[in-house]
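Comments concern the structure below.
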2 protein chains.
Amino acid sequence: MALLPMAPQGLIQQKNLVEQVADFLTQGVIEQRFMPGERLSEVQLSKDLGVSRAPVREAARLLESRGLLVSRPRRGFFVKALDAVELQDVFDLRLCLERHAIERLAQRYTPEARLALERQVDVLCEAAASDSGTRRIEEDLQFHRLMLHYAGNERLLRAFEGLAHELRLCITLITRTHEAPETIATSHYQLLEALASQSGPACREAIDYHIGVARDSVVRGINEAGVQEEGGAR
Amino acid sequence: MALLPMAPQGLIQQKNLVEQVADFLTQGVIEQRFMPGERLSEVQLSKDLGVSRAPVREAARLLESRGLLVSRPRRGFFVKALDAVELQDVFDLRLCLERHAIERLAQRYTPEARLALERQVDVLCEAAASDSGTRRIEEDLQFHRLMLHYAGNERLLRAFEGLAHELRLCITLITRTHEAPETIATSHYQLLEALASQSGPACREAIDYHIGVARDSVVRGINEAGVQEEGGAR
DNA sequence: CTCTTTTAAACTGTCGACAGTCGGCAGTCG
DNA sequence: CGACTGCCGACTGTCGACAGTTTAAAAGAG
């Protein structure tokens, strides 16, 4: 069987097999086709995707570096199971990064950055009003990516990217408890206002509130959903 | 009954080939046996190390995720060349992470953490007085690792680890301009004092000063050494 | 029937090999 | 004399295979 939509729309170049497999695995983890704690067999994946083990292996390593998989020596790869504590850690690190980023950005708030962020909020609102889950999350993440980008430190963005996958996982898992889309949009406008004021403390307060809301929403979702702690101990 | 595998931390046992190769490559990059911008051939490395290409490949991917190598599709791996801007970015992100960590740590400063940090400073002083370069840097990094660890967010530590290799590279490249070891030791004592006071602002001030000194030292070193910008454009 | 021992299957880690592609060099044409 | 085209070598991306180890089940003892 064909593994992935063969024709990447219009683009001449085909991505590496590694990246294709990585995308497939990422989707699988996010959509919970691979359950947390589940063991992923290299040979099985190879057969299913119709490729050799080498690309699967590299892709798995990639996912591991992104925190979506964990590898135990001689045991193979397992889907990362996030518990409540780790979830708190994710949001704590996110807060750390975004605080720093927004304060930096406030000091160099160019019209270009402002325009890009405002446009992204518009897109976000549109997505929130019309579409469902996935795209809403994606546009939300994109806004924060832009913020990190215009903060002017590429490494800051890279660190965030490393977290983004776990973050997306957290959020997707409990998308039902997401606040009303309008609330989220409003929250982003507050960020824009704080940035426009170019006041460090105001920005910090805004981002603290913004991320706090998101974190509480996720935590609440976890509690409501009743965590099935199957992955368990080592 | 079957006897369990002896000493788990035995030095005899060989780590994964991948890790061994990764260590070799890391050493090579840090010691500048591989010059910045240089292309690394997989087959050449395989022959030199007497292993297959598979472990070399995985190790290179690992180094890439750590920021020591960059890969261009179909071209192979190249040694990362750090310019002045990126160097600033490294220290900026480091500041971001350590600020957050030390403020967290101040709020949960257990006797255990205090003891561990104090012991590490002692070790650091000893190393500074006796040994040369490499070990001094290693013990310095270890202190900060401990600080991040006791801050209680594993992801914070992981982000720092991702930066540590680049940081080590920065520092090693210009080790000659390192401040007098005693100065560094004193600076660490200031961190301990700030932590003991459990005052957030005091901690922030201390870490800002500490990292600022390191950054200035490195930047000064770069300027003095005269950067050979050979890596250059794409 | 339960617990231990033995055996077999499956998997990962590693290897060597093949095909497609990229960069460079020579030869040719304007 | 300069620019374009076709060929050559080298290298990466990918593949299938083998050995050692871990897991799980089957067989045997109490």
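Chain naming here is simple, since letters A, B, ... match the order of the sequence lines and numbering starts at 1 in each. Keep in mind the model is a prediction, meaning the values are calculated, not measured.
Between the CG atom of A/Leu69 and the P atom of C/dT12 there is a distance of 12 Å, rounded to whole Å. Between B/Arg57 atom CZ and C/dG16 atom P the separation is 16 Å, expressed in whole Å. Per the geometry, CZ belonging to B/Phe78 stands 11 Å off C1' belonging to C/dG23, to the nearest Å. Atom CG in A/Leu49 sits about 14 Å away from atom P in D/dG16, given to the nearest Å. We find that CG of A/Leu40 is positioned 13 Å from C1' of C/dC11, with the value rounded to whole Å. As a whole-Å value, the separation of B/Leu17 CG from C/dT12 P is 17 Å. Atom-to-atom, NZ of A/Lys47 to P of D/dA17 comes out at 12 Å; the value is rounded to the nearest Å. B/Glu64 places its CD atom 14 Å from the P atom of D/dT12, with the value rounded to the nearest Å.
Not one side-chain nitrogen or oxygen of B/Arg74 sits closer than 4.0 Å to the OP1 or OP2 atom of D/dG13. Of the side-chain N and O atoms in B/Arg75, one or more sit less than 4.0 angstrom from OP1 or OP2 of C/dG23.
Side chain A/Arg53 to base C/dG13: a donor-acceptor pair is found below 3.5 Å.
A side-chain donor-acceptor contact under 3.5 Å links B/Asp48 and B/Gln44. No side-chain donor from either of A/Gln120 and A/Gln142 sits under 3.5 Å from a side-chain acceptor of the other. Looking at A/Asn153 and A/His100, their side chains never bring a donor and an acceptor atom within 3.5 Å of each other. No side-chain donor from either of B/His149 and B/His144 sits under 3.5 Å from a side-chain acceptor of the other.
Where A/Ala54 and B/Arg39 each meet DNA chain D at their nearest nucleotide, the meeting point lying more 5' is that of B/Arg39.
For A/Pro55, the side-chain atoms get nearest to D/dC15 when compared with the rest of D/dG13, C/dC11, D/dC15.
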